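Computed over heavy atoms, backbone and side chain alike; hydrogens, waters and symmetry mates excluded. Order of appearance sets the numbers: ligands from 1, and atoms from 1 within every ligand. For this chain, numbers begin at 1 and follow the sequence in order. Note that the structure is predicted; figures quoted are calculated from it, not measured.
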Amino acid sequence: MQHVIIGASGQVGGHLHRTLTRLGEDVTGTYYQHPEPSLIKLDITRRQDVHDFFDALKVHVVWIPAAMANVDQCQREPEGSYLHNVEAPRHVALSAAKRGARVVFFSTDYVFDGENGPYNEKAPVHPIQVYGQHKGEIEQYLLTEISHALIIRPAWIYSQDENPRNFVYRVVEQLKKKNPIKAVTDQWNTPTPGEGLVKMAWQAVQDGFEGILHIAGPERLTRYELTRRIARAFGYDVNLIEPVTTESFHLPAPRPLNGGLVTQYAPYRMEKGRDFTPLF
Ligand SMILES: NC(=O)c1ccc[n+]([C@@H]2O[C@H](COP(=O)([O-])OP(=O)(O)OC[C@H]3O[C@@H](n4cnc5c(N)ncnc54)[C@H](OP(=O)(O)O)[C@@H]3O)[C@@H](O)[C@H]2O)c1
């Protein structure tokens, strides 16, 4: 099969690119501001460029992990968020679907308010910040306008990547320098290993799954507990992790507190060891 990954320079896109390539699939990936040798530059906010890009390719599956994924940036720049998180993916999805390709879009657990998580696919969305509102809006568009679209919602993605976009890497880099880290005790979520996420996503595509699918790790924990586990797993001093509340950070965008995702579809429930190698 021929795949296009829009945003293969990102955390999820990078995992997808490596995994599908390793499996022998034919993969074309794009980047926007972070060039990589094997990737093609594409800015999805430029409509003509998107048309030209798809005209030059034959494609069966178009993966869209591309996003403005910084929640606070979205809150500060709602117009930029709308452009990147609603208008641009809408255009990409439409262009892909017109050429007969299957569309796979990555959304987020932040479509929920975090009042009573964890949430399954049937839970009504109720976003509490700009990022979640825009993701919710594009989800609705894809569900109603793009035949056979698959919308995957992950939560708190992590990996072994040596990349500042990866939470584990950021934590380890601080601990190496013996820097204390403030971690919140009041945000609960289901951290999702990037490795398991893309394997399950590919499985869902092969299974012909359509609609919304939650793909998340099997455990629900606080950011504080997650950070402590990373410290322990990598042999650093857990006492460097300081428990704080979300409120103490005074962030622009509110966060879901009692959050996390579960799936009602048994084949896509992730298990340690079977679907991913535990890091902590
Ligand atoms: N990370 C998480 O914990 C998490 C949790 C839940 C949901 N999600 C969702 O999962 C998806 C992937 O997240 P991620 O962590 O992989 O994000 P990421 O690392 O920030 O990657 C975003 C990707 O989008 C590309 N991009 C941004 N603007 C673009 C534009 N105008 N044109 C083309 N490409 C553009 C970036 O390219 P460059 O880097 O080259 O600029 C990058 O490849 C997102 O939809 C995010 O909302 C993430």
Side-chain angles (χ1 to χ4, degrees), residues 4-19 28-47 49-50 53-54 62-74 77 80-93 95 103-112 114 117 119 127 129-139 142 150-159 161 163-170 187 189-198 201 212-217 223 226 253 255-256 259-261:
V4 164
I5 303 170
I6 306 291
S9 49
Q11 193 175 191
V12 171
H15 278 293
L16 267 172
H17 197 275
R18 287 189 294 277
T19 302
T28 302
T30 75
Y31 72 91
Y32 172 43
Q33 288 177 318
H34 297 92
E36 282 181 36
S38 62
L39 306 181
I40 296 170
K41 183 168 172 76
L42 177 68
D43 175 359
I44 56 169
T45 66
R46 296 168 68 98
R47 287 177 172 232
D49 290 3
V50 171
F53 174 76
F54 281 114
V62 174
W63 303 82
I64 316 176
M68 185 191 274
N70 181 317
V71 181
D72 292 318
Q73 185 189 6
C74 292
E77 301 167 21
S81 171
Y82 197 78
L83 179 63
H84 281 84
N85 291 331
V86 181
E87 288 182 352
R90 188 163 62 199
H91 187 60
V92 170
S95 300
V103 172
V104 186
F105 178 76
F106 286 86
S107 187
T108 173
D109 54 307
Y110 277 31
V111 293
F112 298 113
Y119 299 93
Q129 73 296 94
V130 168
Y131 168 74
Q133 283 157 7
H134 290 168
K135 287 291 205 177
E137 184 169 334
I138 184 68
E139 280 188 357
L142 296 172
L150 167 59
I151 296 164
I152 293 169
R153 294 185 185 138
W156 283 5
I157 299 159
Y158 68 89
S159 66
D161 289 358
N163 186 317
R165 298 198 214 205
N166 172 23
F167 182 69
V168 175
Y169 177 78
R170 291 202 302 275
Q187 282 182 44
N189 213 328
T190 43
T192 307
E195 176 200 356
L197 167 65
V198 303
I212 292 179
L213 177 62
H214 290 183
I215 303 183
R223 186 70 89 168
L226 172 64
R255 301 305 203 262
L261 299 175

Notebook entry, point to check: Where on K135 is there a heavy atom closer than 4.0 Å to ligand 1, on the side chain, on the backbone, on both, or on neither?
Noted result: side chain
Next item on the list: Could you tell me the residue and atom name of the protein heavy atom closest to atom 36 (C) of ligand 1, and the distance to it rounded to 0.1 Å?
Entry: S9 OG, 4.0 Å
Margin query: Check whether R153 reaches the backbone of I151 with its side chain - one donor and one acceptor, N or O, closer than 3.5 Å.
Written below: no
Next item on the list: Give yes if a backbone or side-chain nitrogen or oxygen of G10 is under 3.5 Å from a nitrogen or oxygen of ligand 1, and no if not.
Entry: yes
Next item on the list: Just jot down the ligand 1 atoms closer than 4.0 angstrom to any heavy atom of R165, in number order.
Entry: 18 (P), 19 (O), 20 (O), 21 (O), 22 (C), 38 (P), 39 (O), 42 (C)
Notebook entry, point to check: Do ligand 1 and A69 have nitrogen or oxygen atoms that lie under 3.5 Å from each other?
Noted result: no
Note to self: I'd like to check whether I44 has a polar contact with ligand 1, where a contact means an N/O of the residue lying under 3.5 Å from an N/O of the ligand.
What the structure shows: yes
Next item on the list: Fit a plane to each ring of F112 and Y119, take the angle between them on a 0 to 90° scale, and name the class: parallel (under 30°), tilted (30 to 60°) or perpendicular (over 60°).
Entry: parallel
Check: H15 versus P65: any side-chain heavy-atom pair under 4.5 Å?
Finding: no
Next item on the list: Measure the distance from atom 19 (O) of ligand 1 to every protein heavy atom, then report the residue, atom name and distance (to 0.1 Å) of the closest one.
Entry: Q11 N, 2.9 Å
Check: Hey, which atoms in ligand 1 end up nearer than 4.0 Å to a heavy atom of W156?
Finding: 3 (O), 5 (C)
Check: Under 3.5 Å, is there a donor-acceptor pair between the side chain of T30 and the main chain of G7?
Finding: yes
Note to self: Could you report the tightest heavy-atom contact between V168 and S159, atom names first, then the distance?
What the structure shows: CB-O, 3.6 Å
Check: Quick one: which of Y131, F105, Y31 has a heavy atom closest to atom 46 (C) of ligand 1?
Finding: Y131
Next item on the list: Could you tell me whether some N/O pair between H34 and ligand 1 is separated by less than 3.5 angstrom?
Entry: yes
Item checked: ligand 1 N/O within reach of A66 N/O, cut-off under 3.5 Å -> no
Next item on the list: Check the pair L16, F106 against side chain to side chain contact (heavy atoms under 4.5 Å, CB included), reporting the backbone distance first and the verdict last.
Entry: CA-CA 12 Å; L16 267 172; F106 286 86; 3.9 Å; yes
Check: Between K41 and Y31, is there a donor-acceptor pair closer than 3.5 Å when you use the side chain of the first and the backbone of the second?
Finding: no
Check: So do the side chains of M68 and E77 get within less than 4.5 Å of each other, counting heavy atoms only?
Finding: yes
Checklist line | Main-chain N/O of A67 paired to N85 side chain as donor or acceptor, under 3.5 Å | finding: no
Check: Is ligand 1 under 4.0 Å from a heavy atom in the side chain of A88, in the backbone, in both, or in neither?
Finding: neither
Notebook entry, point to check: What do you reckon, does G7 have a nitrogen or oxygen under 3.5 Å from a nitrogen or oxygen of ligand 1?
Noted result: yes
Notebook entry, point to check: Which residue holds the protein heavy atom closest to atom 33 (C) of ligand 1, what is that atom called, and what is the gap in Å?
Noted result: L42 O, 3.1 Å
Item checked: Cation-aromatic face contact R46/F53, 6.0 Å, 45 degrees -> no
Margin query: Nearest non-hydrogen contact with atom 10 (O) of ligand 1 belongs to which option: W63, F106, Y110?
Written below: F106
Checklist line | Distance from atom 16 (O) of ligand 1 to nearest protein heavy atom, with residue and atom | finding: V12 N, 2.8 Å
Next item on the list: Could you tell me whether D109 approaches ligand 1 through its side chain, its backbone, both or neither, with non-hydrogen atoms closer than 4.0 Å?
Entry: side chain
Item checked: N or O pair under 3.5 Å between I157 and ligand 1 -> yes
Next item on the list: Report the member of S107, G194, P65 with the shortest heavy-atom distance to atom 9 (C) of ligand 1.
Entry: S107
Notebook entry, point to check: Is there a nitrogen or oxygen of T30 sitting under 3.5 Å from a nitrogen or oxygen of ligand 1?
Noted result: no
Margin query: Taking 4.0 Å as the limit for heavy-atom contacts, which would you say applies to Y32 with ligand 1: side chain only, backbone only, both, or neither?
Written below: both
Check: Given A67, G29, A8, G132, which one has a non-hydrogen atom that is nearest to atom 27 (C) of ligand 1?
Finding: A67
Notebook entry, point to check: Of the non-hydrogen atoms in N189 and A155, which two are nearest, and what is the gap between them?
Noted result: OD1-CB, 3.3 Å
Next item on the list: From the options V12, I212, L197, select the one residue that forms a side chain to side chain contact (heavy atoms under 4.5 Å, CB included) with I152.
Entry: L197
Next item on the list: Would you mind telling me if ligand 1 is within reach of the side chain of H84, the backbone, both or neither, using heavy atoms under 4.0 Å?
Entry: side chain
Notebook entry, point to check: So, does T192 use its side chain to make a donor-acceptor pair with the main chain of T190 at under 3.5 Å?
Noted result: yes
Next item on the list: Please say which of Q73, Q133, K135, H134 ends up in a side chain to side chain donor-acceptor pair (under 3.5 Å) with S81.
Entry: H134
Next item on the list: Can you sort out which atoms of ligand 1 are near T108, meaning under 4.0 Å from one of its heavy atoms?
Entry: 6 (C), 7 (C)
